[in-house]
Amino acid sequence: MKKIILASNSPRRRELLAGLDIQFEVKVLDGIDESYPQDLPADEVAIYISKAKAEAYKAVIADSELVITADTVVVLGDKVLGKPSNREEAFDMLKALSGKTHRVITGACLTTQQEQRCLSVVSEVTFKTLADWEINYYIDNYRPYDKAGAYGIQEWIGYIGVTALRGSYFNVMGLPVQRIYQELLSMEGKDGLIRDDMARPL
């Protein structure tokens, strides 16, 4: 059985992975380069960054460890919306998403010293036309500067603004846990992933 490591500071990813009822640890390396070539197609950015993160961890993980790396981007048309650096950028991003459908893409890699499996999951999210006061209220009360596209679907803006969703809701939150589960099950098997003494009572 591999020791599973989640390589992310995101509380949302920790919550989602914990929902699979598996044991894991969180380890985060500092200084990983998350830049990408400017001519890289928008749909390939998330998986590119996830692979780069995985390479950094592969140098330090033991043979008995499996590390999960992930990156999520919001894509509007062919433009990648990352994390806003200030209030003005957050407002501009949400204003751009208002009344439109965009893609949320999470790239994830499951890496050991013996093998690596990578996946990319796409969800489509549609926002109603947001009033400026709604955008300002969300920014002022939720401070979404650690989120791609300047929003979290599980927060107020998702409650009042999202009119349609095609694909995985959890992928929009930041981790496509169903696909992660299937890959872990394939790599580790049931007994290596969820033991009877780990199961939660019904």
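In this structure, Val122 is not a member of the same hydrophobic cluster as Ile153, with clusters built from ILVMFWY side-chain heavy atoms closer than 4.5 Å. When the side chains of ILVMFWY residues are joined at heavy-atom separations under 4.5 Å, either directly or via intervening members, Tyr169 and Val73 end up in two distinct hydrophobic clusters. Ile61 and Leu184 fall within the same hydrophobic cluster, defined by Ile, Leu, Val, Met, Phe, Trp and Tyr side-chain heavy atoms under 4.5 Å apart, directly or through other members.
More than 12 heavy-atom neighbours from other residues, nucleotides or ligands sit within 6.0 angstrom of CZ on Arg87. Summarising the local packing, CG of Asp78 is surrounded by 12 or fewer heavy atoms from other residues, nucleotides or ligands at distances under 6.0 Å. Within a 6.0 Å radius of CZ in Phe170, no more than 12 heavy atoms belonging to other residues, nucleotides or ligands are found. Atom CD of Glu88 has 12 or fewer heavy atoms from other residues, nucleotides or ligands within 6.0 Å.
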The test is side chain to side chain contact (heavy atoms under 4.5 Å, CB included); show your working for Val125 and Val162 and say whether it passes.
CA-CA 7 Å; Val125 180; Val162 173; 3.9 Å; yes
Worked verdict on Lys53 versus Glu55 for side chain to side chain contact (heavy atoms under 4.5 Å, CB included)
CA-CA 5 Å; Lys53 292 177 180 178; Glu55 283 303 307; over 6 Å; no
Given the rule in the side chain to side chain contact (heavy atoms under 4.5 Å, CB included) test, do Arg14 and Val26 qualify, once you have shown the distances and angles that lead to the verdict?
CA-CA 8 Å; Arg14 292 198 297 268; Val26 174; 3.3 Å; yes
Taking it one step at a time, do Asp43 and Val45 satisfy side chain to side chain contact (heavy atoms under 4.5 Å, CB included)?
CA-CA 6 Å; Asp43 288 356; Val45 169; over 6 Å; no
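A distance-only check finds a donor-acceptor pair linking the side chain of Ser98 to the backbone of Leu130 [under 3.5 Å]. Of the possible donor and acceptor atoms, none in the side chain of Tyr57 sits under 3.5 Å from a partner among the backbone N and O of Leu66. Not one N or O on the side chain of Gln116 forms a donor-acceptor pair closer than 3.5 Å with the backbone of Leu110. Between the side chain of Lys100 and the backbone N or O of Ala96, at least one donor-acceptor pair lies under 3.5 Å. Remark: the backbone N or O of Ser168 is paired with a side-chain donor or acceptor of Ser123 at under 3.5 angstrom. With Thr106 contributing its side chain and Asn171 its backbone, the two residues share a donor-acceptor pair below 3.5 Å.
Look at Glu65 and Lys2 and you find no salt bridge, because none of the NZ, NE, NH1 or NH2 atoms lies under 4.0 Å from a carboxylate O. Comment: Asp146 engages Arg12 in a salt bridge, judged by a side-chain N to carboxylate O separation of less than 4.0 angstrom. For Lys147 and Glu155, the salt-bridge test passes: some basic side-chain N is under 4.0 Å from an acidic carboxylate O. Of the charged side-chain nitrogens involved, at least one lies within less than 4.0 Å of a carboxylate oxygen, so that Lys128 and Glu134 count as a salt-bridged pair. Salt-bridge formation is detected for the pair Glu115/Arg117: a Lys NZ or Arg NE/NH1/NH2 atom is positioned less than 4.0 Å from an Asp or Glu carboxylate oxygen.
Counting heavy atoms from C-beta outward, Ile139 and Leu94 have side chains that approach closer than 4.5 Å.
In this view, Lys58 satisfies the side chain to side chain donor-acceptor pair (under 3.5 Å) rule with no residue, not counting sequence neighbours.
Taking the six-membered ring where the residue is Trp, the centroids of Tyr142 and Tyr151 are separated by 6.0 Å or more.
Side-chain N/O atoms of Ser50 and Asp71 include no donor and acceptor closer than 3.5 Å. If you check the side chains of Arg13 and Thr72, you find a donor sitting under 3.5 Å from an acceptor.
Here disulfide bond (SG atoms under 2.5 Å apart) pairs that include residues 94-191, with residues two or more places apart or in two chains, are Cys109-Cys118.
The shortest non-hydrogen separation linking Arg179 to Leu119 is NH2-CB, 3.4 Å.
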